[in-house]
Enquirer: 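This is the structure, below, for whatever I ask next.
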Amino acid sequence: MTSSPTDPLLALMRVIESRLPDRGGDPQSSYVARLLHRGPDAFLKKIGEEAAEVVMAAKDAEHGADRNRIVCEVADLWFHCMVALAHFGLSTDDVLAELERRAGTSGLEEKARRSAPPIVPTITDSTP
Ligand SMILES: N=c1c2ncn([C@@H]3O[C@H](COP(=O)(O)OP(=O)(O)OP(=O)(O)O)[C@@H](O)[C@H]3O)c2ncn1[C@@H]1O[C@H](COP(=O)(O)O)[C@@H](O)[C@H]1O
């Protein structure tokens with residue numbers, strides 16, 4: 001377990017999970033249940049939109065606009081990603097565990113490892 005029980009991300013994750021269709025989430029009374037009921041296309045579209053809004057808020061902030069808009073847009077993006085995680089039976093704990101796994105490994109090192117050419121075994125000719 002990566003997060004503590006008081007972690008706001010964990011608390012929100014549990015609320016989102018409680019809105020899953022097989023947990024009785026009601027699309028009439030819950031935005032999350034409605035998104036989950038509509039299926040992946042609905043929340044994946046929102047993730048794309050919210051990601052674009054993060055970019056726009058950051059570009060606006062570069063030109064003097066309120067930086068707090070970035071916070072709001074990132075919150076919307078995280079929230080919709082969490083809905084996607086719940087749909088696929090995953091949670092913020094899985095993401096935090098992956099980030100923990102990466103801790104201490106330089107991003108440059110990791111990038112170099114990803115783009116390294118595959119190791120091809122050398123075949124030695126043993127015919128007499
Ligand atoms: N954190 C959020 C949260 N962040 C954003 N949103 C909703 O996400 C949508 C953001 O979409 P937009 O900004 O594009 O607004 P919009 O144009 O109205 O959205 P669409 O019509 O395109 O869906 C809005 O409807 C927001 O209300 C959220 N809805 C819910 N939560 C959390 O989820 C919990 C459960 O919500 P319900 O399932 O609705 O009870 C809530 O108590 C909150 O803690």
Side-chain angles (χ1 to χ4, degrees):
M1 176 70 90
T2 315
S3 43
S4 85
T6 52
D7 185 332
L9 272 184
L10 180 64
L12 176 56
M13 194 70 232
R14 296 293 98 94
V15 173
I16 291 171
E17 287 163 348
S18 75
R19 305 300 202 249
L20 283 162
D22 62 3
R23 301 267 298 271
D26 177 10
Q28 295 303 316
S29 61
S30 154
Y31 174 77
V32 175
R34 193 171 299 175
L35 270 182
L36 289 166
H37 179 79
R38 286 181 181 158
D41 283 358
F43 52 77
L44 297 178
K45 180 168 173 274
K46 292 302 294 179
I47 290 173
E49 286 172 13
E50 302 303 348
E53 283 171 27
V54 170
V55 173
M56 287 189 287
K59 293 306 288 179
D60 290 346
E62 269 192 317
H63 296 96
D66 184 1
R67 289 182 311 141
N68 287 321
R69 245 192 71 218
I70 302 176
V71 174
C72 294
E73 300 302 350
V74 170
D76 279 351
L77 177 61
W78 285 13
F79 164 73
H80 286 90
C81 287
M82 289 165 73
V83 173
L85 287 171
H87 172 83
F88 290 104
L90 297 164
S91 93
T92 45
D93 269 354
D94 297 299
V95 179
L96 293 173
E98 173 61 16
L99 290 173
E100 263 181 2
R101 188 192 64 76
R102 296 180 190 182
T105 305
S106 155
L108 294 176
E109 223 175 88
E110 172 79 7
K111 194 177 164 68
R113 211 177 302 144
R114 284 183 200 177
S115 55
I119 299 164
V120 181
T122 46
I123 301 164
T124 46
D125 187 359
S126 58
T127 48

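Counting convention: from 1, in listed order, for ligands and their atoms alike. We count residues from 1, following the sequence as given.
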Enquirer: Would atom 42 (O) of ligand 1 count as contacted, meaning some protein heavy atom under 4.0 Å?
Expert: no
Enquirer: Between the main-chain N or O of A33 and the side-chain N or O of H37, is there a donor-acceptor pair closer than 3.5 Å?
Expert: no
Enquirer: What are the two closest heavy atoms between I16 and A86, and how far apart are they?
Expert: CG2-CB, 3.7 Å
Enquirer: Among E73, M82, H80, K46, which one has a heavy atom closest to atom 14 (O) of ligand 1?
Expert: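 Looking at heavy atoms only, K46 sits closest to atom 14 (O) of ligand 1.
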Enquirer: Could you grab the distance from atom CG of D60 to atom CZ of R67, nearest 0.5 Å is fine?
Expert: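 Going from the CG atom of D60 to the CZ atom of R67 covers 14.0 Å.
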Enquirer: Side chain or backbone of V32 under 4.0 Å from ligand 1, or both, or neither, by non-hydrogen atoms?
Expert: both
Enquirer: Compare every heavy atom of R34 with every heavy atom of P27, then report the nearest pair and how far apart it is.
Expert: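 Distance-wise, the nearest heavy atoms are O-NE, 2.9 Å.
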Enquirer: Any protein heavy atom lying closer than 4.0 Å to atom 26 (C) of ligand 1?
Expert: no
Enquirer: Which residue holds the protein heavy atom closest to atom 30 (C) of ligand 1, what is that atom called, and what is the gap in Å?
Expert: F79 CZ, 3.4 Å
Enquirer: For I16, which part has a heavy atom under 4.0 Å from ligand 1: side chain, backbone, both, or neither?
Expert: neither
Enquirer: Can you figure out which of E50, R19, R38 has its heavy atom closest to atom 35 (C) of ligand 1?
Expert: R19
Enquirer: Would you mind listing which atoms of ligand 1 come within a distance below 4.0 Å of any non-hydrogen atom of D76?
Expert: 4 (N), 5 (C), 13 (O)
Enquirer: Within less than 4.0 angstrom of ligand 1, does E53 place any heavy atom?
Expert: no
Enquirer: Could you check whether any side-chain heavy atom of L77 comes within less than 4.5 Å of a side-chain heavy atom of I47, counting everything from C-beta outward?
Expert: yes
Enquirer: How far apart are the closest heavy atoms of E62 and K59, and which atoms are they?
Expert: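 Closest approach of E62 to K59, heavy atoms only: OE1-NZ, 2.7 Å.
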Enquirer: Can a protein heavy atom be found under 4.0 Å away from atom 17 (O) of ligand 1?
Expert: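 No, no protein heavy atom sits under 4.0 Å from atom 17 (O) of ligand 1.
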Enquirer: What residue and atom, counting heavy atoms only, is the protein's closest point to atom 34 (C) of ligand 1, and at what distance?
Expert: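 I find the closest protein heavy atom is V15 CG1, 3.9 Å.
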Enquirer: Sub-3.5 Å donor-acceptor pair from the side chain of H87 to the main-chain atoms of V83, do we have one?
Expert: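 Side chain of H87 to backbone of V83: no pair is present.
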Enquirer: Specify whether the nearest protein heavy atom to atom 22 (O) of ligand 1 is under 4.0 angstrom away.
Expert: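 When distances to the protein are checked, atom 22 (O) of ligand 1 has a heavy atom within 4.0 Å.
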Enquirer: If you take all heavy atoms of V54 and V74, which pair is closest and at what distance?
Expert: CG2-N, 3.8 Å
Enquirer: Of all the non-hydrogen atoms in the protein, which one sits nearest to atom 39 (O) of ligand 1, and at what distance?
Expert: Y31 N, 2.7 Å
Enquirer: Can R19 and S30 be counted as having a side-chain donor-acceptor contact under 3.5 angstrom?
Expert: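 A pair is found: one side chain offers a donor N or O, the other an acceptor, under 3.5 Å apart.
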Enquirer: Is atom 1 (N) of ligand 1 less than 4.0 angstrom from at least one protein heavy atom?
Expert: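 So atom 1 (N) of ligand 1 has protein heavy-atom neighbours under 4.0 Å.
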Enquirer: Would a search of protein heavy atoms around atom 37 (P) of ligand 1 find one under 4.0 Å away?
Expert: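 Yes, there is a protein heavy atom closer to it than 4.0 Å.
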Enquirer: Just which atoms of ligand 1 are under 4.0 Å from any heavy atom in L12?
Expert: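 Once the distances to L12 are compared, the set is 32 (C), 33 (O), 44 (O).
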Enquirer: Students often mix this up, so state it plainly: with edges at 30° and 60°, are the rings of F79 and Y31 parallel, tilted or perpendicular?
Expert: parallel
